[in-house]
Amino acid sequence: MWINGFGVSLVTIAALGTTPISSAWYEISLHTPLTFGMVTMLGNLILITSQYFMLQDKKDKKALWGLFSQIPDTLLFSVSIDVNMFILQSLIPDLHFYLYRFALLIIGSLILSFGVALEVKADVALVAGEAFVKAVCVFLHKEFGIIKTCFDLSLVLLAVIIGLACTHFTEVASVREGTLVGALMVGPCVRLIAPHLGFVDKFFGGKQAVFVS
C-alpha cells in the first residue's frame, strides 16, 4: 500500500495528470482545503460503504471481514499519498522541462505497477476501488473487465466535470497524458512484474495469486 501511494504521488508530482482511479480524488483536492490523501480516504470510504449495501448476505462474517479489512488498507494508502506528496514536493524542484516530467511519470507508473504486483502476490485484501468493482460484478453478474473499464472512465469523467466546473471551463489538472499512460501501462506492467516475484512466495506459503484486472 505504501509503495502504491508513493507511485501515485510521483505520477501526480510530474504534473501531467494522475492515474484514472485517483483522478477524481486529486481534482477535488485541488479545489477544496482537503489534501489528496484525505479526499482519497473519504472517496474510498464511500466505495466501502456502497459495497455493504451490495452484499447478498449482510451477516456473512467472511464477506464482512473482507469489507472491513479494506479500511486499514485505505488508511495506509491515503497516508502514504500525503506523506510522499509532502516529501516529493520538498525534494523535487519546479518542473519546467517536459521530458523530465515525463520521465517522472514513467518511473512513478513503474513503481505503482511494482506495488500492485506485490499486493496481488500477497493476496490478503483488495484496495477499495478494486473491491468495489468486484462487488459490482457479483451484484450485476457482469465481467470484471467491463465493470473495471466503466468504473475508471466514470472517475475520469467526474474529474473532468469537477475541473471544468471549478475553473469556469478553463482547466482540468488531473486528466492529461499521464492519465492515459496510467490506464495503458500499469496493468500490462503488473502482468510482466508479477511472475518475477517468486522470491517473496516464502512469505505467503508459496501461494500464487492471479491478477484479474
Side-chain angles (χ1 to χ4, degrees), residues 1 3-5 7-8 11 17-27 40 42-71 73-74 77 109-162 174-198 201 204 207-213:
M1 289 301 101
I3 293 173
N4 288 350
V8 170
V11 168
T18 190
T19 59
I21 199 168
S22 297
S23 57
W25 316 142
Y26 180 55
E27 193 66 42
T40 298
L42 292 173
N44 282 306
L45 285 176
I46 293 174
L47 296 179
I48 292 171
T49 303
S50 300
Q51 292 173 57
Y52 175 78
F53 293 105
M54 287 187 284
L55 289 178
Q56 295 179 350
D57 182 3
K58 294 180 173 56
K59 295 182 180 180
D60 185 340
K61 292 183 179 180
K62 183 177 180 181
L64 290 173
W65 169 251
L67 188 64
F68 289 118
S69 68
Q70 297 171 40
I71 296 176
D73 282 356
T74 297
F77 178 61
S109 297
L110 288 172
I111 291 173
L112 177 58
S113 301
F114 178 69
V116 172
L118 283 176
E119 175 193 344
V120 171
K121 200 71 174 175
D123 195 24
V124 175
L126 292 173
V127 292
E130 301 294 335
F132 175 79
V133 171
K134 186 176 180 180
V136 173
C137 291
V138 173
F139 187 73
L140 297 179
H141 305 288
K142 299 292 184 181
E143 293 181 6
F144 185 92
I146 295 173
I147 301 299
K148 171 65 173 171
T149 300
C150 293
F151 177 66
D152 288 352
L153 289 176
S154 297
L155 289 176
V156 171
L157 180 60
L158 178 60
V160 171
I161 292 172
I162 293 171
S174 63
V175 179
R176 288 188 54 181
E177 54 267 50
T179 309
L180 180 61
V181 169
L184 298 177
M185 180 176 173
V186 174
C189 283
V190 170
R191 291 182 176 87
L192 288 174
I193 294 171
H196 300 286
L197 295 178
D201 283 342
F204 308 120
K207 180 168 57 176
Q208 298 292 326
V210 178
F211 183 65
V212 294
S213 177

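Starting from 1, each residue takes its place in the sequence as its number. Reckoned from all heavy atoms, side chains included, excluding hydrogens, waters and symmetry mates.
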Considering all heavy atoms of both residues, which atom of [X] and which atom of [Y] are nearest to each other, and what is their separation?
| X | Y | answer |
| --- | --- | --- |
| L64 | K58 | CD1-O, 3.4 Å |
| L47 | G129 | CD1-CA, 4.0 Å |
| S113 | C189 | OG-CB, 3.3 Å |
| K62 | D60 | N-OD1, 3.0 Å |
| L55 | A63 | CD2-CB, 3.9 Å |
| A159 | E27 | O-CG, 3.4 Å |

Could you check whether atom CZ of F139 has more than 12 heavy atoms from other residues, nucleotides or ligands sitting under 6.0 Å from it? no
For [X], side chain to side chain contact (heavy atoms under 4.5 Å, CB included) partners two or more places apart:
| X | result |
| --- | --- |
| S50 | I46, F132 |
| I161 | L157 |
| A131 | Q51, Q70, L126 |

Side-chain heavy-atom pair [X], [Y] within 4.5 angstrom cut-off:
| X | Y | answer |
| --- | --- | --- |
| V11 | Y26 | no |
| L45 | T74 | no |
| F151 | I21 | yes |
| L112 | V116 | yes |

Distance (rounded to the nearest 0.5 Å) between [X] [atom1] and [Y] [atom2]:
| X | Y | atom1 | atom2 | result |
| --- | --- | --- | --- | --- |
| I3 | F77 | CD1 | CZ | 12.5 Å |
| M1 | L118 | CE | CG | 9.5 Å |
| C137 | I146 | SG | CD1 | 8.5 Å |

Would the distance check show the side chain of T179 and the main-chain N or O of T18 forming a donor-acceptor pair, the cut-off being under 3.5 Å?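 Side chain of T179 to backbone of T18, a donor-acceptor pair under 3.5 Å: yes, one is there.
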So, D73 side chain and V127 main chain: donor-acceptor pair closer than 3.5 Å or not? no
What verdict does the side chain to side chain contact (heavy atoms under 4.5 Å, CB included) test give for W25 and L42, after you've listed the backbone C-alpha separation in whole Å, the side-chain angles of each residue and the deciding distance to 0.1 Å? CA-CA 9 Å; W25 316 142; L42 292 173; over 6 Å; no
